[in-house]
Each structure stands twice: as structure tokens, then as C-alpha cells.
Amino acid sequence: MNKQRTCNTSTMPKWVRVFLKFFVGSLSLFLAGWIILSGPSAVSEPAANPEDPAREDLTRIVYPSLEKIEWRPHFMRPNDSPELLFGKDWPLVARFNRIDRRHLYPGMTIKVPVRMDDIKDYTALPRFYEPAKRHEKYILVSITEQWIGAYEHGKLVFSMPAATGKKGTETPTGLFRIDARHKNHTSSLYQTDDKSAQYPMDNAMRFYIGPDNVSYWIHARDLPGKPASHGCVGLFDETMQNRMYDLPENPVLMDSVKLYNWAVGEDDYEDDTGELEELEDGPVVEIVGELPKVLNESPYRPVAATVGK
């Protein structure tokens, strides 16, 4: 019977045993250091989930108005916040991404302009809109851009990001007119995420009642950086979010208040009781476009820049 040979280190010269121990130890240290320094490619550069089931990578959402603005992605880490990252410019970045602070959670990838000056006067809508020329007040909503503008005799006086209906519950397109206001409106159909209350719709302006008797409003809501509603058009209102969710601690973005006061405020109508009131000759609302395109992967191409520059 053939016996299997084994290596018996006890018969090796002492200098050979010392050399082997040194070599094996050095090799182990080298391999450990290489793994730590290089790391697996999947985690060396943090990024959103490649499957992206929640669409948390906002760099994949295409807005035509951004074609001439140079931007790069930023992955939100656990200790990141808009205020810490961008200082006094954080509202610009929030608007650029059509997102509120409550939805800027760790794991989100957002678009950051290479130069903040490029977005200080950013709007996704034309500065002059011919169809609005003969109207004292005219509201234009672009579903493609997720943006809303207030026009006076065709001139854009201000604009802001919006969240329109998501796929399956799209916002209706066409020409409408504001026919009711309700400052303290709440949804009769939908509740908050925790089911503790009916969904708040502060500063609501009704522009359409569908054939199923469902009303469509422009109102305060969450802005998660993408189409998200059941058909209404939502605007920033951090006071409402603070009341419902205790976040953000210091409300700043109040777009729903601004548009409500401009469109149906007490300068043009009688005292606002906060209750539902039907209106006559409210501003025209035009809703155009289709849902923004979502790419399978980020279109980003690296440029030299750092956060805050």
C-alpha cells in the first residue's frame, strides 16, 4: 500500500521555519491591507440601490430645462443635511431637485449644480408665455418639468417646483380655471402615511372636478422629487409638514402660501374664512406635458467640482 506523504515541518531547518512564518505573515498583512484600501467596487463609491425600487436616485429623472446646467450627483450619507452641505444655498438645491427636506434621507442621490450661480434664477418655464398675454393672472403647470408658474399678462412673475400625479393617477391636462378656494382643506379620500389623520391640503385651489366627481386641487403637500400625487398639484409648505410630522424644525419654504395669496387672496376676493368658498373668474390654469422620463441609469459624466462650490 502506498502511503500518502505529508510535510513535517519539525524536520525542517530552523531558518526555513522562520522564513515560512515571516513569508506567510507578510502575505496575510499585504492581502488584508489591499482589501481594506481597495475594497470591493460595490462599496468603494457609495451610491443608490442599483435596482432603485423607490426611484431614490434623482439623477435619473430627466428635466429638459437642465440640459444647459452642469451638475453632478451627491449621495446623501447618514450625517448629511442640506443646511450642512450647502449653507444658505440649500433652498436652491432643494428647488433644483423638486424635493423637500423631509425626503432628503440617507441613501438618496440628488443633483448638485457645479456652480450655484447657475441656479440662483433658475426656472423651468418660459419668462414670457404668449397664451397668457391677455390674462391678468394665468397659472401654467408643466408635468414634464414638475414646475408651476404664475403669469401676469404673459410675464412670469414667479415660479416653483411641483409634484403632479404619478403614473396611473396622472394630473389631467388641458385648460381649466380656479373655481374654489379652501385654506384649511383636507383630503376626503386619503390619509397620512401613519393613518393618523386625513391628508392635509392647506391653501387648496380647485381647478377641476372629474366625471367621477373627484376634485383636483393645487395645494400644499410633500415634494419627494418626483411625480407622487393622486392627480392634484402639490407645492412646498414646510409649516404644514412641521404641523404634521414635526419636521423641519424651522419652516422656510412656503410656496403654497405664496401662490394661494397671489391667485385667490384677499386682495382680489372677500375676507378668507378658511372654509370652502366657490369663486368666480378665478385664474386660468393650463396643464401641459407628460410624465418626465426616467432613465435606467444616471446620465452623469464626471466634472471637477466639490460640494458647495
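Residue indices begin at 1 and follow the sequence shown.
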Problem set entry | Under 3.5 Å: donor-acceptor pair, side chain of K258, backbone of M160 | no
Exercise. With a 4.5 Å limit on heavy-atom distance, are the side chains of P91 and F236 in contact?
Worked result: no
Problem set entry | Closest heavy-atom pair and its distance - G165, P227 | O-CB, 3.5 Å
For this session: For P200 and M240, work out which heavy atoms get closest and say how close.
Result: CG-SD, 3.5 Å
Identify each donor-acceptor pair in which a side-chain atom of residues 280-293 lies under 3.5 Å from a protein atom, sequence neighbours left out, and give them as a table.
unit_1 : atom_1 : unit_2 : atom_2 : d
E286   : OE1    : Y129   : OH     : 2.9
E286   : OE1    : Y138   : OH     : 2.5
E286   : OE2    : Y129   : OH     : 3.2

For this session: Decide side-chain hydrogen bond (donor to acceptor under 3.5 Å, both in side chains) for Q241 and D100; before the verdict, give the C-alpha distance in whole Å, the side-chain angles of both, and the deciding distance to 0.1 Å.
Result: CA-CA 10 Å; Q241 289 195 320; D100 58 52; 3.0 Å; yes
For this session: Check the pair R181, Y269 against side-chain contact (heavy atoms from CB on, under 4.5 Å), reporting the backbone distance first and the verdict last.
Result: CA-CA 10 Å; R181 69 179 181 182; Y269 295 91; 3.7 Å; yes
Exercise. Does L253 offer a backbone N or O that forms a donor-acceptor pair with the side chain of E238 under 3.5 Å?
Worked result: yes
Exercise. About how many Å separate CZ of R115 and NZ of K120, when rounded to the nearest 0.5 Å?
Worked result: 13.0 Å
Exercise. Which ILVMFWY residues can you reach from V257 by hopping between side chains whose heavy atoms are under 4.5 Å apart?
Worked result: M254
Identify every side-chain donor-acceptor pair in residues 205-214 under 3.5 Å, counting partners at least two apart or on other chains, and give the distances.
unit_1 : atom_1 : unit_2 : atom_2 : d
R206   : NE     : D179   : OD1    : 2.9
D212   : OD1    : V214   : N      : 3.2

Problem set entry | Pairing residues for E152 by the salt bridge (charged side-chain N to carboxylate O under 4.0 Å, His left out) criterion, not counting sequence neighbours | none
For this session: Using the six-membered ring wherever Trp is involved, compare the ring planes of W217 and H182 and label them parallel, tilted or perpendicular (cut-offs 30° and 60°).
Result: tilted
Exercise. Is there a side-chain contact between H74 and D80 (heavy atoms, below 4.5 Å)?
Worked result: yes
Seminar exercise, completed: Taken to the nearest 0.5 Å, the spacing of Y151 OH from L125 CG works out to 4.5 Å
For this session: Measure the shortest side-chain to side-chain distance between W147 and V141 over non-hydrogen atoms and say whether it is less than 4.5 angstrom.
Result: no
For this session: Flag the pair D255 / R95 as yes when at least one side-chain heavy-atom distance between them is below 4.5 Å, and no otherwise.
Result: yes
Problem set entry | Reported CG-to-CG distance for the pair N184 and D202, which is rounded to 0.5 angstrom | 6.5 Å
Seminar exercise, completed: When every non-hydrogen atom of T59 is compared with those of P73, the smallest separation belongs to CG2-CB, 3.7 Å
Exercise. Are R221 and S229 close enough, and set up right, to give a side-chain contact (heavy atoms from CB on, under 4.5 Å), and what steps lead you there?
Worked result: CA-CA 9 Å; R221 67 151 288 135; S229 81; 3.6 Å; yes
Seminar exercise, completed: Separation between CG (N79) and CG (L85), nearest 0.5 Å, reads 10.5 Å
For this session: State, with a plain yes or no, whether a side-chain heavy atom of E130 is found less than 4.5 Å away from one of F128.
Result: yes
Exercise. Do you know which two heavy atoms are closest between C232 and T171, and how far apart they sit?
Worked result: O-OG1, 3.6 Å
Problem set entry | Linked, directly or transitively: Y105 and V112 (ILVMFWY side chains, under 4.5 Å) | yes
For this session: Please examine the side chains of E83 and R101, heavy atoms only from C-beta on, and report whether any two atoms are closer than 4.5 Å.
Result: yes
Seminar exercise, completed: Given the options T109, I110, L104, N97 meets side chain to side chain contact (heavy atoms under 4.5 Å, CB included) only with I110
Exercise. Are any of the side-chain heavy atoms of I143 and T164 separated by less than 4.5 Å?
Worked result: yes
Exercise. Among all residues two or more places apart in sequence or in another chain, which pass the ring-ring contact (aromatic ring centres under 6.0 Å, His included) test with F96?
Worked result: Y122
For this session: Group every Ile, Leu, Val, Met, Phe, Trp and Tyr by side-chain heavy-atom contacts under 4.5 Å, then state whether V252 and L84 land in the same group.
Result: no
For this session: Please determine which of L58, D222, L223 meets the side chain to side chain contact (heavy atoms under 4.5 Å, CB included) test together with I99.
Result: L58
Exercise. Looking only at heavy atoms, what is the nearest atom pair of P161 and I148, with distance?
Worked result: O-CG2, 4.3 Å
Seminar exercise, completed: One should read off an interatomic distance between H153 NE2 and E136 CD, to the nearest 0.5 angstrom, of 5.0 Å
Exercise. Checking side-chain contact (heavy atoms from CB on, under 4.5 Å) for the pair H185/L276: CA distance, chi angles, key distance, verdict?
Worked result: CA-CA 8 Å; H185 189 60; L276 175 64; 5.8 Å; no
Exercise. Are any of the side-chain heavy atoms of V157 and W262 separated by less than 4.5 Å?
Worked result: yes
For this session: Please assess L247 against N242 for the test side-chain contact (heavy atoms from CB on, under 4.5 Å), listing each intermediate value before the final yes or no.
Result: CA-CA 5 Å; L247 291 171; N242 177 272; over 6 Å; no
Seminar exercise, completed: Excluding V62, membership of its hydrophobic cluster (Ile, Leu, Val, Met, Phe, Trp, Tyr; side-chain heavy atoms within less than 4.5 Å) reads L295
Problem set entry | Between D237 and H219: side-chain donor-acceptor atoms closer than 3.5 Å | no
For this session: Specify the closest pair of heavy atoms between A162 and V233, including all atoms of both residues, with the distance to one decimal.
Result: CB-CG1, 3.9 Å
Exercise. Does R98 make a cation-pi contact with Y63, if we ask for NZ or CZ under 6.0 Å from the ring centre and within 45° of the axis?
Worked result: yes
Exercise. Is it true that a side-chain atom of E145 and a backbone atom of S65 form a donor plus acceptor pair closer than 3.5 Å?
Worked result: yes
Exercise. Just how far is it from atom CD of E266 to atom CG of D272, taken to the nearest 0.5 Å?
Worked result: 5.5 Å
